[in-house]
Visitor: 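Before we start, here is the structure in question, set down as structure tokens.
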Amino acid sequence: MSEEFEKDFNKLIKQKIEKYHDFQDRDIKNYDEKYDVDTYAEDIINKFDEYEGDIVKMSGRLMALRTHGKASFADVRDMTGLIQLYAKIDLLGEERYEFFTELDMGDIIGFEGEVFKTNRGQISIKIKSFTLLTKSLRPLPEKFHGLKDKEMRYRQRYLDLIMNPEVKENFIIRSKIIRSFRDILEEKKFLEVETPMMHPIPGGANAKPFVTHHNTLDMDLYLRIAPELYLKRLIVGGFDRVYEINRNFRNEGMSYKHNPEFTTLELYQAQADYHDMMDITEELIVKTAKKTLNTTEIDYQGKNIDLSIPWRRITMKELVKKEASFDYDQIENSSQAYNRARELGVKVEKEGLSRGQILYEIFEQLVEENLIQPTFVMDYPIEVSPLAKNKEEDPGFTYRFEAFINGWEIANAFSELNDPFEQENRFKQQVEQREAGDEEAQMMDRDFVRALEYGMPPTGGLGIGLDRLIMLMTNSKSIRDVILFPTMRTEK
RNA sequence: AGACCAUUAGCUCAAUCGGAAGAGCAACUGACUCUUAAUCAGUAGGUUCGGGGUUCGAGUCCCCGAUGGUCUACCA
């Protein structure tokens, strides 16, 4: 028993520890026995007719105990649900029955008995034997109101899961969504790969990284901010269809939709372009919604969102012209763009922005949050897209799109830049921005350029933020409700 | 990073204007052989987040700090 635990004692815990020792003295085994279970609560509840009269062997955590002298009822929860036990002194014998009534909330028991319905119609198990599998030493929160304190729910997720079983639903759906993504990509002949989480040069996104240190190599490493540059190296190597579903780490602010570590899908397909990536985005999300939610209509915090395809496809220029009355093609130079942006009430504090960057600012500040229904916004300015291929007919813009749902960026994709000269120039521009004080600008990755020099086929690449997609599909208000152990400050 | 709000028994919450810290559930003792937020009788349980200050008197007012939440900023 740990010192911390000793310090944390209160009377309720002391009582339970005394009971634990008392149980041991009475030759009750603890923590050292496994129990062969043949039935789960859900089976019996769903198919009572098949189970009625059967003898079943189950286990679970004691959640309620109602004693009535020589008979008692208990509610026990297993992985699948709640089942009521009926314990009678006649069936268990005096000594065992007495012991049953001394069990604590939270204790984990195994039991065997007959499936039946009580006079009031409650499906129950009439137990003929039971055994204490694990003694619980800490008092559980109140049964009716449950555990509400958000801090405790996130810090002690195990307790949240015990007390608020509906919380499990979000995580089950999360698992199904990710399973579905893998299934769809498997079917499309994509290979799932794992690329480094620790990068000597953080790349593939504009973000502040976490830094760590390797002692033997005596070098700093960065937790990855994106897997992009490694996955494209694999395209160079001849893996024509690859994907990775894994964590990224960004040393930035936290909010209801930002956790320092978050999960993305990134996929790359040779001989494809960003139009193909739009098709795949639609397919992944729509098939997954159908499979996991049985619908493509979702309700998010009172907003109705229709995921059915095709999604709206519109270029940033057109969209900003339509929604914010900023007509890029009528703007002749950067100073005109600044003036127009300020007229529109857009904050453009930085000096020296190009027309394209101002277009992007206007989009972000005035348009983005209104994109509630799924929308592909196409053709991003080159300055904000250092890894995307520029458009032949309009070199200030790139073959890049982002998909928006509920005003959130859900996907980011492009026809990948595969010209090594151009990529080197783009990196140089990023390095200049970095030297000018932009901590989020990218670093020069010479090995990545070298890879491109060997030749990367035309490739489409796509990234999808899974946590936010899962928030939408589970109607969760906070990213912390779809991450089992969200990042928290250490206690005390 | 900034603003605002919250923190009281194991849990969920009260406490009027600054005037004796409370309830329900959980726990403990007892009664009860079909209850299900079981019921009934009784008992016990407090560093009011921490530290300072004002006051005859602070859960309540002021200052500093901790943690969480919400919003803003940045980002996905």
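Being a predicted model, the structure only gives us computed values, none of them experimental. The chains referred to below are lettered A, B, ... by the order of the sequence lines, with proteins before strands, and numbering in each begins at 1.
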Visitor: CD of A:Glu102 versus P of B:A26: gap in Å, rounded?
Guide: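 Answer to the nearest Å: 18 Å.
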Visitor: Give A:Lys19 one of three labels, base, sugar-phosphate or nothing, depending on what nucleic acid heavy atoms sit under 4.0 Å from its own.
Guide: sugar-phosphate
Visitor: Classify A:Gly463 by what it touches in the nucleic acid, base, sugar-phosphate, or nothing, heavy-atom distance under 4.0 Å.
Guide: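 Counting heavy atoms under 4.0 Å across all strands, no contact is made by A:Gly463.
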Visitor: Charged N to carboxylate O below 4.0 Å: is that the case for A:Lys14 and A:Glu18?
Guide: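 A:Glu18 and A:Lys14: not salt-bridged.
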Visitor: Taking any heavy-atom pair under 4.0 Å as a contact, classify A:Met488: base, sugar-phosphate, or nothing.
Guide: sugar-phosphate
Visitor: Would you call A:Glu282 and A:Arg313 a salt bridge, using N to O less than 4.0 angstrom?
Guide: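 Counted as a salt bridge, because a side-chain N and a carboxylate O are separated by less than 4.0 Å.
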Visitor: Between B:A9 and B:G65, how far is it from one C1' atom to the other, in whole Å?
Guide: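 It comes out at 25 Å once rounded to the nearest Å.
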Visitor: Between A:Glu244 and A:Arg224, is there a salt bridge with N-O shorter than 4.0 Å?
Guide: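 The answer is yes: the pair qualifies as a salt bridge.
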Visitor: Taking the C1' atom in each of B:U8 and B:G24, what is the distance between them to the nearest angstrom?
Guide: 15 Å
Visitor: Distance check, P atoms only: B:C17 and B:A76, in whole angstrom units.
Guide: 49 Å
Visitor: Would you please confirm or rule out a distance under 4.0 Å between OP1 or OP2 of B:U36 and any side-chain N or O of A:Arg120?
Guide: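 Looking at the OP1 and OP2 atoms of B:U36, one of them is under 4.0 Å from a side-chain N or O of A:Arg120.
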Visitor: Determine the Euclidean distance between corresponding C1' atoms of B:U16 and B:A21; express it in Å to zero decimal places.
Guide: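 Straight-line distance between the two C1' atoms is 15 Å.
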Visitor: P atom, B:G22 versus B:A31: distance in rounded Å?
Guide: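 Result for the P pair: 30 Å, nearest Å.
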Visitor: With a 4.0 Å cut-off on heavy atoms, is A:Gln84 in touch with a base, just the backbone sugar-phosphate, or nothing at all?
Guide: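 Since a base atom lies under 4.0 Å of A:Gln84, the category is base.
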Visitor: Please state whether the rings of A:Tyr86 and A:Phe116 are parallel, tilted or perpendicular, taking 30° and 60° as the class boundaries.
Guide: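 If you compare the ring of A:Tyr86 with that of A:Phe116, the planes turn out tilted.
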Visitor: Is the shortest side-chain N/O distance from A:Arg138 to OP1 or OP2 of B:G10 below 4.0 Å?
Guide: no
Visitor: Return no unless some side-chain N or O of A:Arg480 is found under 4.0 Å from OP1 or OP2 of B:G68.
Guide: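 No.
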Visitor: Tell me what A:Tyr154 touches on the nucleic acid: a base, only sugar-phosphate, or nothing, going by heavy atoms under 4.0 Å.
Guide: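 The residue A:Tyr154 makes sugar-phosphate contact but no base contact.
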Visitor: In terms of side-chain geometry, is the basic nitrogen of A:Asp467 or A:Lys257 positioned less than 4.0 Å from the acidic oxygen of its partner?
Guide: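 No salt bridge links A:Asp467 with A:Lys257.
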Visitor: Would you say A:Phe144 stacks on B:G24, if stacking means ring centres under 5.5 Å apart and planes within less than 30 degrees?
Guide: no
Visitor: Is it true that the side chains of A:Asn259 and A:Arg480 contain a donor and an acceptor less than 3.5 Å apart?
Guide: no
Visitor: Answer with base, sugar-phosphate or nothing: what part of the nucleic acid does A:Gly465 contact at a heavy-atom distance below 4.0 Å?
Guide: nothing
Visitor: Identify, with sequence neighbours excluded, every residue that meets side chain to side chain donor-acceptor pair (under 3.5 Å) alongside A:Asn475.
Guide: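 A:Asn475 satisfies side chain to side chain donor-acceptor pair (under 3.5 Å) with A:Gln301 only.
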Visitor: Under a 4.0 Å threshold between the charged nitrogen and the carboxylate oxygen, would A:Arg233 count as salt-bridged to A:Asp445?
Guide: yes
Visitor: At under 4.0 Å between heavy atoms, what does A:Lys88 touch on the DNA or RNA strands: base, sugar-phosphate, or nothing?
Guide: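 Result for A:Lys88 = base.
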Visitor: For RNA chain B, what are the stems built from at least three Watson-Crick or G-U pairs in a row, each pair having both distances below 3.5 Å?
Guide: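 Result, WC/G-U stems under 3.5 Å: B:1-7 with B:66-72, B:10-13 with B:22-25, B:27-31 with B:39-43, B:49-53 with B:61-65.
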Visitor: To the nearest Å, give me how far apart NZ (A:Lys150) and P (B:G69) are.
Guide: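 To the nearest whole Å, that distance equals 8 Å.
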Visitor: With respect to the phosphate group of B:U36, does any side-chain polar atom (N or O) of A:Arg66 fall under 4.0 Å of OP1 or OP2?
Guide: no
Visitor: Is the closest basic N to carboxylate O distance between A:Asp78 and A:Arg61 below 4.0 Å?
Guide: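 Here A:Asp78 does not pair with A:Arg61 in a salt bridge, since their nearest N and O are not under 4.0 Å apart.
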Visitor: Using a 4.0 Å heavy-atom cut-off, does A:Thr67 contact any base of the nucleic acid, only the sugar-phosphate backbone, or nothing at all?
Guide: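 Counting heavy atoms under 4.0 Å across all strands, the contact made by A:Thr67 includes a base.
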Visitor: Output yes when A:Lys19 and A:Asp22 qualify as a salt bridge under the 4.0 Å nitrogen-oxygen rule, no when they do not.
Guide: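 The answer is no: the pair does not qualify as a salt bridge.
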Visitor: Rounded to whole angstrom, note down the C1' distance from B:C74 over to B:A66.
Guide: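 One C1' to the other, the span is 25 Å.
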Visitor: Expressed in whole Å, how much space separates the P atoms belonging to B:C25 and B:A37?
Guide: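 Their P atoms lie roughly 13 Å apart.
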Visitor: One thing to verify: whether A:Glu98 and A:Arg96 come together as a salt bridge, which I'm taking to mean a side-chain N less than 4.0 angstrom from a carboxylate O.
Guide: no
Visitor: With no angle test and no hydrogens, is the base of B:U7 tied to the side chain of A:Glu151 by a donor-acceptor pair under 3.5 Å?
Guide: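 Side chain to base: no pair below 3.5 Å.
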Visitor: Base, sugar-phosphate or nothing for A:Asn259? Non-hydrogen atoms, less than 4.0 Å.
Guide: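 Touches a base.
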Visitor: Applying a 4.0 Å non-hydrogen cut-off, can you work out what A:Ile410 is touching in the nucleic acid: base, sugar-phosphate, or nothing?
Guide: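 It contacts nothing in the nucleic acid.
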Visitor: Taking the same atom, P, in B:C63 and in B:C5, what whole-Å distance lies between them?
Guide: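 Here B:C63 and B:C5 have their P atoms 11 Å from each other.
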Visitor: Looking at every strand, decide which applies to A:Asp90 at a 4.0 Å heavy-atom threshold: base, sugar-phosphate, or nothing.
Guide: base
Visitor: What are the residues of residues 380-389 of chain A, sorted by number, that bring a heavy atom to within less than 4.0 Å of RNA chain B?
Guide: none
